[in-house]
Number of protein chains: 2
Amino acid sequence: MASPRESKGSTKIAVPAPIEQKSRRTRNSTRPPPAPKNGRQFDPQVFLDTIGEGRKALLFPNKQTIMAQGDPADAVFYLRTGKVRLTVVSKDGKEATIGILSDGSFFGEGALAGQSLRMSSATAMTDCAVLRIEKKAMVDALHREHTLSDLFVAYLLTRNIRYEEDLVDQLFNSSEKRLARALLMLAHFGKEGIPESVIPKLCQETLAEMVGTTRSRVSFFMNRFRKLGFIDYAGGAEGGLRVHSSLLNVVLHD
Amino acid sequence: MASPRESKGSTKIAVPAPIEQKSRRTRNSTRPPPAPKNGRQFDPQVFLDTIGEGRKALLFPNKQTIMAQGDPADAVFYLRTGKVRLTVVSKDGKEATIGILSDGSFFGEGALAGQSLRMSSATAMTDCAVLRIEKKAMVDALHREHTLSDLFVAYLLTRNIRYEEDLVDQLFNSSEKRLARALLMLAHFGKEGIPESVIPKLCQETLAEMVGTTRSRVSFFMNRFRKLGFIDYAGGAEGGLRVHSSLLNVVLHD
DNA sequence: CTAAAGATGGTCACGTTTGCACACTTCTAC
DNA sequence: GTAGAAGTGTGCAAACGTGACCATCTTTAG
C-alpha cells in the first residue's frame, strides 16, 4: 500500500491515512451494512468473518491512494462501497486510466497470479470502504467458501469481458467514438435506461486518460458534441455535465 | 460452434468438420497424453473424466473455426493441444486479433458470465485438440473439483493480466513499438531466455490485426527492422522469420 | 507442363487523425 | 487585486490509415 498506516491520524496531515474499521458483528447486528448495488447478493460482513485472519477493513477518504504501482503485491482488495480508479504510468511518464471500479469489485488480484509488484495504482474517487485480504488468506478462503469463489470467478469473468471490450474499442474506434462511449458509460453508471443524465465532475484530463488520448483532443470533441447538442453544461459552474444518451449514441453507430 | 458436426466426415468436404475423440482411459493407459507445456501440472484426461456428462473431446484441423462471433454461447472450451486465434469483427467489417492461445487455455468463458452470444471467433492455427464443456457441466465441475477451479481461476487471472498489458500497450505505444512487442512475444512463445528464435509462419495481414494497425504499416516497419538487423528472413521461402530479441528490445525501450 | 487465379509483400500518394506546444480563460489564495 | 494554479481552446507537424499499383511466389485447373 502507498502509505500503510492504520492509526487514526490527527485532524490535518499531509497524506491522509486510511482508517481501520473494527469488525463488530455483535454491535449493530440489527442493521447489517447495505449490500453492494451491483445486483449481487452478498453480505460483505459475512465475507469478512469467513476469511478469518489475514483480512482488514479499511476506510480511505476521497483521492487517497489505496495501492501504488511498483508496491509489493501481497494482498487483494475488495471494494465494499465507493468508487476506485485504476491507473498506470508509462516509463516516459504518460498516465492512463484502465478502469473505474464500483462496489463489489476486487482489485490487486494480480498478486494471486504470482505478480510480486503492483502493475497499476488504485485511487479512491469517493470515500471508500475497502477490505484488504492477505494473499494466503484469500487463497485459503477461495478453497473453503464456495460463495466467495463463485463471487470471485464471476468478478474475474466480468472484468475479463470489460477488458476485452475496452481493447476492441481501442482497436476499432477513433478517439471521438471512444470519448462518446466513455461519456455514455459514465452516464449509465448504475442507472439503466435513462435517456439523459448528469455526470458529477470530471476534468478533461481525466477523460483523456480514460479514453486514451490527449486532453486537447477531448476539448475539441467536447465542443463538437456541445455544438451538436449531444451534451450540455446545464449544471452550471459546478461541472455538472448533462449527457443526452440517445443523441450521443449516434456518434457510436455513426 | 460454426459447424457443430461430429461425424467422421468423408475425405473431401467443403467445410472440414471437427472429429469427436472418444475417451479411452483403459486403452493406452500405459502412456497418458502429454501434459500442456505451460508449466502447469494437469492431466487433461483426468479433467475429462471428472467432468462427467456434458463434455466432449473434439479435434479441429488447422484453419477451422471452433466458434464464431454471434453464435449462441452455451459451452466453454479447453484447449488441450494446439494454438488458437481469437478474433473480433467490427460493425464496419474491420478484423482484429485479440489473443493467441496455446494449450492449457480456456476460451468462450464469457458464457459463464451470462453472455448469450459469442463476442469473438476462435480459429485453429494448428491442428487442435479441444474439450467442449457445456456451461452447466462446467459450473458443476468448478464446484466439485478444486483442481479444476484452481486451474480455471489461475487461467482467468493470467488472461486478465494479459488483457491489461495489451490495453496499456495500445494506450501508450506507437504502432512500431506494438509491432516490436508482438514479435518479441511470438518469439518467446513457450521458450524463455532464448536470445533469438524463429517464428513459424505469419502473414503481414495477421500481424497487422494483432498489432492493431494496417498491413502497409507492418510492411514498412518490418523492412525497417530488417535493415537495422533486428530481424531476418533466414528461414527462406517457408516464411521462417528470425527475431533477435536483444536487438528488438531496443525498440521497446527506445 | 503451363496458364490462370490467388496470396503475399513492397511502395507510394493522399487525406485524416493525433499529439504537442503554446495561448488563453477561470478559479483560488493571500 | 494580483499571482499562481488549474482548466480549456487552437495551430501545426508528425503519425497514421486508406486504397492503389505492381512484383513475386504459390496454388490450382486444364
Side-chain angles (χ1 to χ4, degrees), chain A residues 12 63 90-97 169-183 199-228 231-233 235-241 251-252 254, chain B residues 12 14 62-63 90-97 123 125 169-180 182-183 199-228 231-242 251 254:
Chain A
K12 244 193 170 178
K63 295 192 182 166
S90 74
K91 283 187 301 294
D92 41 300
K94 274 184 286 188
E95 199 164 340
T97 297
D169 187 40
Q170 286 291 329
L171 291 172
F172 286 152
N173 300 134
S174 63
S175 38
E176 181 175 22
K177 289 194 185 183
R178 295 204 304 272
L179 177 60
R181 174 169 171 265
L183 291 174
I199 303 180
K201 175 78 175 85
L202 218 40
C203 74
Q204 296 185 341
E205 185 67 47
T206 310
L207 275 174
E209 280 178 14
M210 294 176 53
V211 168
T213 184
T214 54
R215 191 199 50 71
S216 60
R217 222 94 259 286
V218 171
S219 169
F220 181 73
F221 291 124
M222 290 296 272
N223 283 330
R224 184 133 105 188
F225 291 162
R226 197 143 44 102
K227 277 173 195 143
L228 291 170
I231 60 176
D232 61 63
Y233 292 174
E238 72 271 12
L241 173 69
V251 179
L252 275 190
D254 187 85
Chain B
K12 245 192 170 180
N62 187 10
K63 297 189 180 170
S90 73
K91 282 187 300 293
D92 41 300
K94 273 185 288 190
E95 199 164 340
T97 297
T123 318
M125 294 177 70
D169 187 41
Q170 285 291 330
L171 291 172
F172 286 152
N173 300 134
S174 63
S175 38
E176 182 176 22
K177 289 195 183 182
R178 295 205 304 274
L179 176 60
L183 291 173
I199 303 179
K201 176 77 176 81
L202 217 41
C203 74
Q204 294 185 341
E205 187 66 49
T206 309
L207 275 174
E209 279 178 15
M210 293 177 55
V211 168
T213 183
T214 54
R215 192 196 57 75
S216 58
R217 222 98 253 291
V218 171
S219 171
F220 180 72
F221 291 126
M222 290 297 273
N223 284 328
R224 182 134 107 189
F225 290 162
R226 197 143 46 102
K227 278 173 194 141
L228 292 169
I231 61 177
D232 61 63
Y233 291 175
E238 71 272 12
L241 172 69
R242 189 155 49 191
V251 180
D254 190 79

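Lettering of chains follows the sequences in order, A, B, ..., and the numbering in each one begins at 1.
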In whole Å, what is the span from the [atom1] atom of [X] to the [atom2] atom of [N]?
X	N	atom1	atom2	result
Gln170(A)	dG17(D)	CD	P	13 Å
Phe220(B)	dG17(D)	CZ	C1'	14 Å
Arg215(B)	dC16(D)	CZ	P	17 Å
Phe225(A)	dG9(D)	CZ	C1'	16 Å
Arg178(B)	dC16(D)	CZ	P	8 Å
Phe221(B)	dT11(C)	CZ	P	14 Å
Glu176(B)	dG17(D)	CD	P	13 Å
Glu205(B)	dG9(C)	CD	P	9 Å

Worksheet item: Hey, which of these two, Ser174(A) or Arg226(B), hits DNA chain C nearer its 5' end, going by closest nucleotide?
Response: Arg226(B)
Practice prompt. Please state whether the base of dG9(D) and the side chain of Arg217(A) form at least one donor-acceptor pair under 3.5 Å?
Written response: no
Worksheet item: Looking only at side-chain N and O atoms, does Thr214(A) come under 4.0 Å of OP1 or OP2 in dT18(C)?
Response: no
Fill in: Side-chain N or O of Gln204(A) closer than 4.0 Å to phosphate OP1/OP2 of dG9(D)
yes
Worksheet item: Across the strands shown, which category fits Ser216(B) at heavy-atom distances under 4.0 angstrom: base, sugar-phosphate, nothing?
Response: base
Of all heavy-atom pairs between [X] and [Y], which one has the smallest distance, and what is that distance?
X	Y	answer
Phe172(A)	Lys94(B)	O-NZ, 3.1 Å
Leu171(B)	Val211(A)	CD2-O, 4.3 Å
Asn173(A)	Arg178(A)	O-NH1, 2.9 Å

Worksheet item: With a 4.5 Å heavy-atom cut-off, do Glu176(A) and Phe225(A) have their side chains touching?
Response: yes
Discussion item. Any heavy-atom pair between the side chains of Thr213(A) and Phe221(A) that's under 4.5 Å?
Written reply: no
Given [options], identify the nucleotide with an atom nearest to the side chain of [X].
X	options	result
Cys203(B)	dT8(C), dG9(D), dG19(C)	dT8(C)
Ser219(B)	dC20(C), dT8(D), dT11(C)	dT11(C)
Asn223(B)	dG9(D), dT11(C), dC16(D)	dT11(C)

